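First comes the structure, then the notes that go with it.
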Amino acid sequence: MLAQPSTKYQAFPAIHLPDRQWPSRTINQPPIWMSTDLRDGNQSLFEPMNLERKMRMFRTACQIGFKEIEVGFPSASQTDFDFVRNLVDGQHIPDDVTIEVLTQARGDLVRRTFASVAGARRVIVHVYNATAPLFRNVVFQMSKSQVLELALDAVRLIQQLAQEHPQTQWVLQYSPELFTSTELEFAKEVCDAVTAQWGATPANKVILNLPATVEVSTPNIYADQIEWMHRNLARRDSIILSLHPHNDRGTAVAAAELGLMAGADRVEGCLFGNGERTGNVDLVTLALNLYTQGVNPGLDFSDINAVARTVEHFNQLPIHPRHPYVGDLVFTAFSGSHQDAIKKGFAALDKKGFWNVPYLPIDPADVGRTYDSIIRVNSQSGKGGVAYLMETEFGVVMPRRLQVEFSGEVQAYTDAHGGEMSAQDLWDLFSKAYLHTTQPLNLVEHHLIDDGLGIRLEVQAGGVTHTLSGRGNGPIDAAVHALQTLGIHVQVRSFEERSVKASDDAGNAHACAFLELVHSKGAGVERFGVGMDTNIVTASIKALINGVNRLGLG
């Protein structure tokens, strides 16, 4: 039994704002977006990113369209410091992108932070200190006046260091940490003192970031807090009001949306909501929510699968299959009535009108998804447990997205032939579709060279034998480059290798390789290739050729 909540937990008090305006407002333009994947997101990982992964994540954020990117906490980590210096010294920052660095309100940390970004074109220095009563009284044992002076001392030092480095355009960002647990009057007092000390003007704005460092209330109370600050802050025309919602109550997206209605200008968060504890606000969900309401978010998620696979690699965390917009199952209907409604919706869709299809709030094509996986075969629809039979009867444990793809093959077969499919029928169909393709390419043989960093392929295409060579960071990458000499350009979206639980008649265990491919010269349909062999490299090369054939290349 749970403890009696009324005697253990105190309800957060309502904000006195009887003339609140946000409930009657709508969002008609996107906020200023700030990605904190490289800082808040990175510090929450089991294994923080190394320099190579950080650089690729930075480039991904730039490609998506973020113009402000928090690149690290350079005073807290030598890895972060080195990465930020590499960005600056290597001139990796696009002219239209501003980097942001975080520091606590401590002199030595502020100085270290400035050393990390010296020479950059434009930098947001994000300084923070905790202002909530629990932290004032318990964690730091400081009075309100001491907390206020701590913030002002940091701002004065930032001003001094900024004057010493005039070649950089410096932007101040201040966060009263634990804002949602801080008395509004005191939060305003500290923020007003900061903007006054900085000399904020409409031409030299301060970013005031009001974080829900821990979600302690319902989203409407956060909105009330934001609107109260929006209406009462001094020098409001010289302030960019920023939100940083965390997701402890599971309502960060709602809090951000209501906060924007309440007067905020900017949102900080992470792709797919990664962050401390239950995460930060999910910027993908927030942006695509705006998109479905007719507001262009200004971020490019037209190939959401590529973004998802990239972020999964960087974070080494899986994205839930039911995650809004990007989960592997969000455009999948199991229910027969849902399937019927979707089919009828597509048939009746007016291509020149608004999107209006039952159960699909967004056109999957807008985010680079296809309609192939909308109708799924499973035991409820009378077609049998495809994945279950493949695993139990043949020892093949398919990746989830391959299960979706193969179910489409099964459904097409049963629609054409009728009746049920036996386990052997499934295996025969799987083998023909994924393991033993020969058109347009037929793999004759392959040889690894240069310690596996190079490869020589012999393939047949249209009755002609071709010998191809390529180099890469491993056998698969080398084979991809080799195929380019034949005019075949693919990207490997995902790669998995698994042992097949069952061995062959001779007792030899097999390795099974699964490669998910897409044409590299444009977003489009992804297809899996599968290879099976006693040697995992051979299985991988077979999977690559089979995937190319399934894409119809060659």
Side-chain angles (χ1 to χ4, degrees), residues 3 5 7-13 15 36 39-45 48 70 72-77 80 100-113 125-158 172-195 197 207-218 221-222 225-226 228-229 242-249 251-252 255 268-270 274-281:
T7 61
K8 186 168 186 177
Y9 297 99
Q10 184 177 12
F12 197 90
I15 307 300
T36 187
R39 198 279 300 173
D40 206 338
N42 184 56
Q43 72 185 36
S44 68
L45 300 178
E70 191 170 48
F73 199 152
S75 65
S77 160
D80 270 20
E100 177 174 317
V101 281
L102 181 73
T103 178
Q104 291 172 318
R106 285 175 40 189
D108 56 334
L109 302 184
V110 172
R111 293 181 184 277
R112 176 73 168 165
T113 301
V125 179
H126 181 185
V127 64
Y128 74 96
N129 64 308
T131 56
L134 180 64
F135 278 66
R136 295 197 310 261
N137 301 329
V138 176
V139 180
F140 299 115
Q141 298 181 348
M142 298 175 71
S143 66
K144 285 184 176 180
S145 60
Q146 289 174 315
V147 169
L148 174 60
E149 196 58 32
L150 181 64
L152 291 178
D153 282 345
V155 173
R156 294 185 190 107
L157 179 57
I158 291 171
L172 175 67
Q173 175 170 327
Y174 174 72
S175 290
E177 191 189 12
L178 284 302
F179 162 75
T180 48
S181 302
T182 302
E183 309 93 323
L184 283 174
E185 292 79 3
F186 182 57
K188 167 180 156 54
E189 180 183 353
V190 177
C191 288
D192 284 348
V194 165
T195 58
Q197 177 62 46
I207 301 171
L208 289 182
N209 189 55
L210 305 179
T213 313
V214 179
E215 274 200 312
V216 295
S217 66
T218 49
I221 291 180
Y222 185 54
Q225 292 173 317
I226 298 301
W228 190 93
M229 294 289 282
S242 179
L243 308 174
H244 188 116
H246 277 249
N247 198 44
D248 301 86
R249 295 169 56 91
T251 59
E268 300 189 348
C270 293
N274 182 45
E276 293 281 17
R277 304 182 309 281
T278 56
N280 287 23
V281 65

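From a predicted model like this one, the values you see are computed outputs, not experimental measurements. Any value given below was found using the heavy atoms of this structure, including those in side chains, with hydrogens, waters and symmetry copies removed.
- Across every non-hydrogen atom of Pro245 and Ala255, the tightest pair is CB-CB, 4.5 Å.
- The existence of a salt bridge linking Asp153 and Arg156 is confirmed by a sub-4.0 Å separation between a basic side-chain nitrogen and an acidic carboxylate oxygen.
- Looking at Arg277 and Val214, their side chains come closer than 4.5 Å, going by heavy atoms from C-beta outward.
- Between atom CD of residue Gln43 and atom OG1 of residue Thr36 there is a gap of 7.5 Å, rounded to the nearest 0.5 Å.
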May I have the step-by-step check of side chain to side chain contact (heavy atoms under 4.5 Å, CB included) for Thr218 and Arg249, ending in yes or no?
-> CA-CA 8 Å; Thr218 49; Arg249 295 169 56 91; 3.3 Å; yes
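- The existence of a salt bridge linking Arg39 and Glu268 is excluded, since no basic side-chain nitrogen approaches an acidic carboxylate oxygen closer than 4.0 Å.
- Counting only heavy atoms from C-beta outward, the side chains of Asn42 and Asp80 approach each other to under 4.5 Å.
- Side-chain contact between Glu149 and Lys144 is absent, with no heavy-atom pair separated by less than 4.5 Å.
- Nearest heavy-atom pair, Arg112 versus Ser75, reported as atom, atom and distance to 0.1 Å: CG-CA, 3.7 Å.
- Expressed to the nearest 0.5 Å, how far CZ of Phe135 lies from CE of Met142 amounts to 13.5 Å.
- No donor-acceptor pair under 3.5 Å is formed between the side chain of Asn129 and the backbone N or O of Ala105.
- Annotation: side chain of Leu243 is in contact with side chain of Tyr222 (closest heavy-atom distance under 4.5 Å).
- Minimum interatomic distance between Val190 and Ala151 (heavy atoms only, all atoms of both residues): CG1-CB, 4.2 Å.
- Looking at Gln141 and Gln146, their side chains never bring a donor and an acceptor atom within 3.5 Å of each other.
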Evaluation steps, side chain to side chain contact (heavy atoms under 4.5 Å, CB included), between Val101 and His126 = CA-CA 6 Å; Val101 281; His126 181 185; over 6 Å; no
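- Here the side chains of Gln173 and Leu208 are not in contact, with every heavy-atom distance at 4.5 Å or above.
- Counting only heavy atoms from C-beta outward, the side chains of Leu210 and Tyr174 never approach each other to under 4.5 Å.
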Start with the C-alpha distance between Val110 and Ile158, add both sets of side-chain angles, then the distance that settles side chain to side chain contact (heavy atoms under 4.5 Å, CB included), and finish with yes or no.
-> CA-CA 7 Å; Val110 172; Ile158 291 171; 3.8 Å; yes
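- The line from CE of Met229 to NZ of Lys188 is 8.0 Å long, rounded to the nearest 0.5 Å.
- Scanning both residues, Thr195 and Asp192, for their nearest heavy atoms gives OG1-O, 3.0 Å.
- Minimum interatomic distance between Ser242 and Ile207 (heavy atoms only, all atoms of both residues): CB-CG2, 3.9 Å.
- In this structure, the side chains of Thr213 and Thr180 stay at 4.5 Å or more apart for every pair of heavy atoms.
- Atoms CD and CH2, on Glu185 and Trp228 in that order, are 5.0 Å from each other to the nearest 0.5 Å.
- In terms of heavy atoms, Thr113 sits closest to Leu102 at OG1-O, 4.1 Å.
- Between Tyr128 and Asn209, the side chains place no donor N or O within less than 3.5 Å of an acceptor N or O (distance only, hydrogens not considered).
- Here the side chain of Arg136 pairs a donor or acceptor atom with the backbone of Thr131 at under 3.5 angstrom.
- For the pair Leu172 and Val127, the minimum side-chain heavy-atom distance is below 4.5 Å.
- Checking side-chain atoms of Ser77 against main-chain N and O of Pro74 turns up no donor-acceptor pair under 3.5 Å.
- Ser217 contributes no side-chain N or O that, together with a main-chain N or O of Ile221, makes up a donor-acceptor pair within less than 3.5 Å.
- Distance alone, capped at 3.5 Å, places no donor-acceptor pair between the Asn274 side chain and the Cys270 backbone.
- Remark: the Glu215 side chain and the His246 side chain contain no N/O donor-acceptor pair separated by less than 3.5 Å.
- No side-chain donor-acceptor contact under 3.5 Å links Asn247 and Thr278.
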